[in-house]
Amino acid sequence: MSALAVTRFAPSPTGHLHVGGARTALFNWALAQRLGGHFLLRIEDTDQARNSRDAVRGILDDLAWLGIHWQEGPQHDGVGGDPRGVGPFFQSERLARYDAAIAQLIEKDLAYPAFDTPDELEALRKRASAEKRAFRYLRDARWDRAAALARMASEPHVVRLRAPDETIVVSDQILGEVAFGPEQIDDFVLRKRDGFPTYHLAVVVDDEAMGVTHVLRGPEHLNNTPKHIALQRALGYGSPIYAHIPLIQNADGSKLSKRDKDKAARALAQRAFADDATQRARADAALDPKRLAAWLGDTKSQLETREIDALERALGLDLPSVTVEDFRHAGYLPETVTNYLALLGWNPGEKLADGRDREQFSMDDLAAKFSLARVGRGNAKFDRAKLLAFSQEALAALPDAEWLARWRVWCERYAAEVATSGADPQRVLADPARALVFAASMKSRCATLAAASAPNGPGRFALVADGAFAYEPQAVAKFLAKGEPSGFALLERVRGGIEAIAPFAPAAIEAAVAAFCAANGVGMGKVAQPLRVALTGSAASPPLGETLALLGRAAVLARIDRCLREARPH
RNA sequence: GUCCCCAUCGUCUAGAGGCCUAGGACUCGGCCCUUUCAAGGCCGUAACACGGGUUCGAAUCCCGUUGGGGACGCCA
């Protein structure tokens, strides 16, 4: 036995990583780092009907972006590799090993071929359900081993484990000892009709072959664990250390994975179809029309993650975030996502000097402090508001230049028109000093990177052309039209002073406007609000100095002129 | 239906028999700051599911009830 601790994350490639999977990966990663071992990534692509290579790429991207780097696994952007020679890491490339294990079991009469058809089994299950009892596969008492083995060569069959008639105790690092009686471990399938191994067989064979020492996984696997232990015993393997982590749920207590998004997608898609006949054709082109129709007709059915993604893209839907990619798109920092996710079920148990609990920590902190002893046992509901608060805080704590760099990267990926052209090209981004003012100004006003340029976002005014924003009627009425002197009048007067401000930077601008107010015997608000409306269309904007500096002198004058021309009643 | 797991403010949680008049964070409400919007500061509302034990003493241990969740696939 090697002393190296090895944990693993073993997703099946059916779409982008969702946050539950991301947390499982994160905990596995953290445990391996903490123990000085390896975190291994294995792709469980044994379901021929549902796999896709695109999904593999997506999951690798998601993990890499989060900073969950695997020491062993598929190569991707400089991450991964096979230092111990335990690969390949795609189960579809390991079929010979599974067959060898199965042959060994059949040889010892610990597994056997079964020839029931799926329809026959389905009928038995229905009957069991009608009689309100649990379905259990019963092996044929009048079993002729030689005859069965002979039939294997020519007839479709599955291979089942001859399950032991004993109680199996799972020793779980989080839940303690959990006992499963013999009636709960039936002769489950090891190899499917199509020759591919089932999850159970593949997992057990691979974990052994790859030297996995700690299996940390979701609670839905707890009931599978006695099966895996039974299989390990049959194959003469030892068992890894098991730990089942609690589930992440939606606010309503349902499973987080997809239901939320699926529900929203159905509602939005139906509305889109009703509004615009061409949308349906677009959706049909994006995914299997039959699947789409079935899904629309049955509110209990769910689309696969990749189907949802395709539909979202095709129709331009705005769906709630459940995948890592969703949160990346929404403008969260990866360290914010991992920080929040880690806190769902784990916490460092430290108090800060001011008496608060430590809730903010880095990936390095996690790697240094993570332990199974501090993982909770109750399910956790995913609280978007708290994530948003974390994001707000993390963004505000970034140095201006860092914020700017992160924002640029986000824009390039998700809002290319902001990063590159814009209606008034490069107004903010081309001038380094102005760009830093933008960063400083947005930091405390944006909970996500996406918020800065959002349609009603606080930075929008600086990113659009001088003529491309509308004046809010109430703001015009309240701050420009009213009063004596009116806002319009003050605007005209202050315009002249603006020509003279030097340098055209926040402090000098503030000072000049303050001086103008003093000279004219009016309060700051009497001048600042009309200026805001003229420059941004709205009465809410960053501090006056920043607002003007962000636009630059020429744009400020142009916008004042436009406002006087277009917003003033004549 | 059967099996398994879980149970502290609305949410995430601290709490490993006396330190608990139950602490922190998010949300929500109020106040302060203020040229707007934010940010920031201060204050506040709010929980040990219920019933039995054990113990000098229980949020903490045991049993039951209730509630929630998961699993019962030739999916993983």
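Just so it is clear: chains get the letters A, B, ... in the order the sequence lines come, proteins before strands, and each one is counted from 1. Being a predicted model, the structure only gives us computed values, none of them experimental. All heavy atoms count here, side chains included; hydrogens, waters and symmetry mates do not.
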- Query: So does A/Arg42 get a side-chain nitrogen or oxygen closer than 4.0 Å to the phosphate oxygens (OP1/OP2) of B/A76?
  - Reply: no

- Task: Determine the contact category for A/Glu44: base if any of its heavy atoms lies under 4.0 Å from a base atom, sugar-phosphate if only primed atoms, P, OP1 or OP2 are that close, otherwise nothing.
- Result: sugar-phosphate

- Name the nucleic acid region contacted by A/Val178, choosing base, sugar-phosphate or nothing; use a 4.0 angstrom heavy-atom cut-off, strictly under. sugar-phosphate

- What nucleic acid atoms does A/Glu120 come within less than 4.0 Å of, heavy atoms only: base, sugar-phosphate, or nothing? nothing

- Message: Any base atoms under 4.0 Å from A/Thr46, or only sugar-phosphate, or nothing? Heavy atoms, all strands.
- Response: sugar-phosphate

- Message: Below 30° counts as parallel, above 60° as perpendicular, anything between as tilted: where do the rings of A/His157 and A/Phe115 land?
- Response: tilted

- Answer with base, sugar-phosphate or nothing: what part of the nucleic acid does A/Arg532 contact at a heavy-atom distance below 4.0 Å? base

- So what does A/Ser12 touch, heavy atoms closer than 4.0 Å: a base, only the sugar-phosphate, or nothing? sugar-phosphate

- Task: Would you mind reading off the distance between A/His221 atom NE2 and B/A71 atom P, rounded to a whole angstrom?
- Result: 9 Å

- Message: Tell me the interatomic distance from A/Arg125, atom CZ, to B/C74, atom P, rounded to whole angstroms.
- Response: 5 Å

- Task: With a 3.5 angstrom cut-off on both distances, give the Watson-Crick or G-U wobble partner of B/G67, or none if there isn't one.
- Result: B/C6

- Query: Which part of the nucleic acid does A/Arg217 contact within heavy-atom distance under 4.0 Å: base, sugar-phosphate only, or nothing?
  - Reply: nothing

- Query: What does A/Thr117 touch in the nucleic acid at a heavy-atom separation under 4.0 angstrom: a base, only the sugar-phosphate, or nothing?
  - Reply: base

- Message: Using a heavy-atom cut-off of 4.0 Å across all strands, would you classify A/Ala539 as base, sugar-phosphate, or nothing?
- Response: base

- Query: Roughly how many Å is it from CG in A/Asp354 to C1' in B/G23, rounded to a whole number?
  - Reply: 12 Å

- Item | Among B/U35, B/C4, B/A76, the one nearest A/Glu510 by side-chain distance | B/U35

- Message: Considering every strand and a 4.0 Å limit on heavy-atom distances, what is the contact class for A/Asn224: base, sugar-phosphate, or nothing?
- Response: base

- Could you tell me whether the phosphate oxygens of B/A71, OP1 or OP2, come under 4.0 Å of any side-chain nitrogen or oxygen in A/Lys227? no

- When we call it a touch if two heavy atoms are under 4.0 Å apart, what does A/Gly523 touch: a base, just sugar-phosphate, or nothing? nothing

- Message: Can you tell me how the ring of A/Trp403 sits relative to the ring of A/Trp407, calling it parallel under 30°, perpendicular over 60° and tilted otherwise?
- Response: parallel

- Which base sits across from B/U11 as a Watson-Crick or G-U pair, both distances under 3.5 Å? B/A25

- Could you state the atom-to-atom distance from CG of A/Leu175 to P of B/A71 in whole Å? 15 Å

- When only distance counts, do a donor and an acceptor, one from the side chain of A/Gln249 and one from the base of B/G68, lie under 3.5 Å apart? no

- Query: Think A/Lys381 has a side-chain N or O under 4.0 angstrom from the OP1 or OP2 of B/A7?
  - Reply: no

- Message: Side-chain N or O of A/Asn379 versus OP1/OP2 of B/G68: is the shortest distance under 4.0 Å?
- Response: no

- May I ask you to verify whether the side chain of A/Arg445 and the base of B/C37 hold a donor-acceptor pair under 3.5 Å? yes

